Amino acid sequence: MSTIDETMRAAIAEHARQLADQAPPLTSDQLVRLRAIFGTTATGAGGDVG
């Protein structure tokens with residue numbers, strides 16, 4: 001089994017950020033689903049989910 005070092009973790013996080021920046025905004029239906037899953041603090045693209 002391999003481990004992920006800090007450099008690999010940072011590269012994965014950066015790639016995820018780049019993909020998220022290119023994603024279209026969430027629709028109202030998607031936001032409703034996220035709120036149902038994560039609670040009422042889920043927000044649209046660019047927001048924090050928490």
Side-chain angles (χ1 to χ4, degrees):
M1 180 190 292
S2 63
T3 59
I4 297 177
D5 63 11
E6 187 61 24
T7 303
M8 178 66 77
R9 188 209 61 78
I12 292 168
E14 177 59 27
H15 186 66
R17 277 190 290 277
Q18 290 172 358
L19 290 174
D21 287 345
Q22 296 171 13
L26 297 173
T27 66
S28 339
D29 288 343
Q30 290 169 322
L31 287 173
V32 167
R33 287 186 203 130
L34 283 175
R35 288 184 181 115
I37 295 168
F38 295 107
T40 59
T41 58
T43 64
D48 292 327
V49 175

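By convention here, the first residue in the shown sequence is residue 1. Bear in mind the structure is a predicted one, so any value in this text is a computation, not a measurement.
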Side-chain donor-acceptor distances from residues 11-21 under 3.5 Å, at least two apart:
unit_1	atom_1	unit_2	atom_2	d
Glu14	OE1	Arg17	NE	3.4
Glu14	OE1	Arg17	NH2	3.2
Glu14	OE2	Gln18	NE2	3.1

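By the side-chain hydrogen bond (donor to acceptor under 3.5 Å, both in side chains) test, Thr27 is found to be paired with Gln30, residues two or more places apart in sequence or in another chain being considered.
Among pairs with a residue in residues 23-32, none fulfils salt bridge (charged side-chain N to carboxylate O under 4.0 Å, His left out), at least two apart in sequence or across chains.
In the hydrophobic cluster analysis, where Ile, Leu, Val, Met, Phe, Trp and Tyr join through side-chain heavy atoms closer than 4.5 angstrom, Ile37 is grouped together with Leu31.
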